[in-house]
Amino acid sequence: MKSSVFIRAQHILPLCLLLPVLFLLLGIFSGSQSFGWLLEADAGQAILWQIRLPRVVMAFLIGASLAWAGVLIQGVVRNPLADPGLIGVSGGAAVAAAVFVVIASSFPLPLWLQPVMAFVGGFIALFIVMRMGLSGASMHAMSFLVLAGIAINVLASALIGLLSYMASDSALRQITFWSLGSLSGANWYWNGGLAAVLIAALLYWPKRLRQLDALLLGEVEARSLGISVKTMQWRAVLWVAAMVAIAVTASGVIGFVGLISPHIARLLTGAAHQRVLPLAVMIGGCLLVAADALARTIVAPAELPIGIVTTLLGAPVFISLLLREKRRLSW
């Protein structure tokens, strides 16, 4: 029996168009400077177009990217507890980005190499976790996925600590920036890169979402429908690594968005990925815009690192998911 709280399919597109506009306006209005001053003064105009608007757009694009990565990784491992941050992808990408910072402080390196290194680091971390957590392809092994991710995150934290010890003062500030997560470095250059990855995903994934739906039935059932499960899993891994890499390079480690957004979307619209994905992407973007607005206003004129805000919001949700999964397995 369908729940009355489910959003009908024909309502998803209007929501995905309307809510981002409302949240983007919320993000633009929020801050230590009043919106009227931003429109009237020349300095205010500069703040609006060069600082606040790029930041709000970046918040939405990063939230959408992390939510998309969350949908993919949860779909291919069939585990609602999977999240790019929890299973080590963000940690691996952050370590690689920190390595770039330390090296670049002594030797000149091209800026484009940083997201490439972050992609490689995120992919290696995800490869290790997938090999550890999916060995045997058993649903009973899914819990090992989270445990493997925790192990990778602990290792990543230790490596970042070691790099911080070795880094110069300027490099140390940048590494701290990645560890806590921040949108203070927002600019249209990064927004262009984030938008390009999302557009590429939009062109690639819609025709393959039914294959993710088939995976929900199990690997045997998916293979009986002619789906190459391993190929599907590794395609998703590459996309998750790419999305997380550019997000981490632009803003640092921002946790739990990729976990919360797909969960809320499934509660609202069911399990079909054709409905879950666009709704989760919209929720992820709006969630991070709202978190950034909160980070900029709660201790104004200073600001909290956005990674702290998302962790405070996401940790209770993760705990509730763990308890729910424990009750399900105890049945």
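Given the structure is predicted, the values throughout are model-derived calculations rather than measurements.
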Novice: For the CD atom of Gln114 and the CZ atom of Phe100, what is their distance to the nearest 0.5 Å?
Specialist: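 With rounding to 0.5 Å, CD (Gln114) is 5.0 Å from CZ (Phe100).
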
Novice: Less than 4.5 Å apart, side chain to side chain, heavy atoms only: is that true for Leu212 and Leu209?
Specialist: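 The answer is yes; the side chains approach within 4.5 Å.
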
Novice: Would you say Ser261 and Leu287 make side-chain contact, with heavy atoms under 4.5 Å?
Specialist: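 Ser261 vs Leu287: side chains touch.
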
Novice: Give me the atom names and distance for the closest heavy-atom approach of Val253 to Ala94.
Specialist: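 Residues Val253 and Ala94, closest heavy atoms: CG2-CB, 3.6 Å.
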
Novice: Specify whether Phe123 and Trp234 have parallel, tilted or perpendicular ring planes, treating 30° as the upper limit for parallel and 60° as the lower limit for perpendicular.
Specialist: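 Taking Trp234 first and then Phe123, their aromatic rings sit tilted (interplane angle of 30° to 60°).
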
Novice: Could you state whether Val89 and Leu198 fall into the same hydrophobic cluster, counting links through intermediate Ile, Leu, Val, Met, Phe, Trp or Tyr residues with side-chain heavy atoms under 4.5 angstrom apart?
Specialist: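 Val89 and Leu198: one cluster.
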
Novice: To the closest 0.5 Å, what do you measure between CG (Leu172) and CE (Met166)?
Specialist: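 If I round to the nearest 0.5 Å, the distance is 12.5 Å.
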
Novice: Can you list the steps and then say if Trp188 with Leu53 is a side-chain contact (heavy atoms from CB on, under 4.5 Å)?
Specialist: CA-CA 9 Å; Trp188 293 112; Leu53 186 59; 4.1 Å; yes

Novice: Nearest 0.5 Å, please: how far is CG in Leu288 from CG in Leu294?
Specialist: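 Here the rounded value is 11.5 Å.
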
Novice: Test your reading of the model: is there a side-chain donor-acceptor pair from Arg210 to the backbone of Ala272, 3.5 Å cut-off?
Specialist: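 No: the side chain of Arg210 does not pair with the backbone of Ala272.
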
Novice: Should Trp190 and Thr249 be marked as a side-chain contact (heavy atoms from CB on, under 4.5 Å) after you check the CA-CA gap, both sets of side-chain angles, and the distance that decides it?
Specialist: CA-CA 9 Å; Trp190 285 118; Thr249 307; 3.3 Å; yes

Novice: When rounded to the nearest 0.5 angstrom, what distance separates CG in Leu216 from CD in Gln211?
Specialist: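 One finds 12.5 Å between CG of Leu216 and CD of Gln211.
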
Novice: Hydrophobic cluster membership, with links at side-chain heavy-atom distances under 4.5 Å among I/L/V/M/F/W/Y: are Val276 and Leu202 in one?
Specialist: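 Val276 and Leu202: one cluster.
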
Novice: Any chance you could lay out the side-chain contact (heavy atoms from CB on, under 4.5 Å) test for Phe256 and Asp83, step after step, and finish with the verdict?
Specialist: CA-CA 7 Å; Phe256 290 102; Asp83 168 79; 5.6 Å; no

Novice: Quick one, Ile254 and Leu66 - any side-chain contact, counting heavy atoms below 4.5 Å?
Specialist: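 Ile254 reaches Leu66 side chain to side chain.
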
Novice: What closest approach, in Å, do Val244 and Pro84 show between heavy atoms, and which atom pair accounts for it?
Specialist: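 Of all heavy-atom pairs spanning Val244 and Pro84, the closest is CG2-CB, 3.6 Å.
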
Novice: Where is the tightest heavy-atom contact between Ala241 and Gly122, given as atom of each residue plus distance?
Specialist: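 So the two residues come closest at CB-C, 4.3 Å.
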
Novice: Under 4.5 Å between any side-chain heavy atoms of Arg235 and Leu72, yes or no?
Specialist: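 Arg235 does not reach Leu72 side chain to side chain.
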
Novice: Can you confirm whether Leu155 sits close enough to Val95 that some side-chain heavy atom of one is under 4.5 Å from a side-chain heavy atom of the other?
Specialist: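 Side-chain contact under 4.5 Å: no.
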
Novice: What's the separation between atom CH2 in Trp239 and atom CH2 in Trp205, rounded to the nearest 0.5 Å?
Specialist: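 It comes to 8.5 Å.
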
Novice: If only side-chain N and O atoms count, and only distance matters, is there a donor-acceptor pair under 3.5 Å linking Arg266 with Gln74?
Specialist: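 Indeed, the side chains of Gln74 and Arg266 share at least one donor-acceptor pair under 3.5 Å.
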
Novice: Are Ser168 and Ser105 close enough that some pair of their side-chain heavy atoms sits under 4.5 Å apart?
Specialist: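 Sidechains of Ser105 and Ser168: in contact.
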
Novice: If you define the side chain from C-beta out and look only at heavy atoms, does anything of Asn187 sit under 4.5 Å from Arg55?
Specialist: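 Not touching, per the 4.5 Å side-chain cut-off.
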
Novice: Which atom pair, heavy atoms only, marks the closest approach of Glu303 to Ser182?
Specialist: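 It is OE2-OG, 4.2 Å.
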
Novice: Hydrophobic clusters here meaning ILVMFWY residues chained together by side-chain heavy-atom distances under 4.5 Å, can you tell me if Leu225 and Leu215 are in one?
Specialist: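 No, it is not one cluster - the side chains of Leu225 and Leu215 are not joined through contacts under 4.5 Å.
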
Novice: Around atom CD1 of Ile298, are there more than 12 heavy atoms of other residues, nucleotides or ligands at under 6.0 Å?
Specialist: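 No - once you tally the heavy atoms of other residues, nucleotides and ligands closer than 6.0 Å, there are 12 at most.
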
Novice: So do Asp292 and Phe60 actually touch side chain to side chain, heavy atoms under 4.5 Å?
Specialist: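 Not in contact.
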
Novice: Has the side chain of Arg275 got a donor or acceptor atom that lies under 3.5 Å from a matching backbone atom of Ala271?
Specialist: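 Pair absent, no side-chain N/O of Arg275 close to backbone of Ala271.
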
Novice: Charged N to carboxylate O below 4.0 Å: is that the case for Asp169 and Arg173?
Specialist: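 Result for this pair is no, no salt bridge flagged.
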
Novice: With clusters defined by side-chain heavy atoms of hydrophobic residues (ILVMFWY) lying less than 4.5 Å apart, directly or transitively, does Leu194 cluster with Tyr189?
Specialist: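 Linked within one cluster.
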
Novice: I would like to know whether Ile150 and Asn153 meet side-chain contact (heavy atoms from CB on, under 4.5 Å); could you show each step before the answer?
Specialist: CA-CA 5 Å; Ile150 292 173; Asn153 280 328; 5.6 Å; no

Novice: How long is the gap from CG on Leu259 to CD1 on Ile73, to the nearest 0.5 Å?
Specialist: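 Those atoms lie 12.5 Å apart.
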
Novice: Out of Thr310, Ile308, Val309, which one pairs with Leu312 under the side-chain contact (heavy atoms from CB on, under 4.5 Å) rule?
Specialist: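 Exactly one pass, corresponding to Ile308.
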
Novice: Are Phe107 and Leu113 in one and the same hydrophobic cluster, where Ile, Leu, Val, Met, Phe, Trp and Tyr link if side-chain heavy atoms are under 4.5 Å apart?
Specialist: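 In one cluster with Phe107: Leu113, yes.
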
Novice: Of all heavy-atom pairs between Ile175 and Ser164, which one has the smallest distance, and what is that distance?
Specialist: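 Nearest pair, atom of Ile175 first, then Ser164: CG2-OG, 3.4 Å.
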
Novice: Might you point out which heavy atoms bring Asn191 and Pro54 nearest each other, and give the distance in Å?
Specialist: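 Heavy-atom minimum between the residues: ND2-O, 3.2 Å.
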
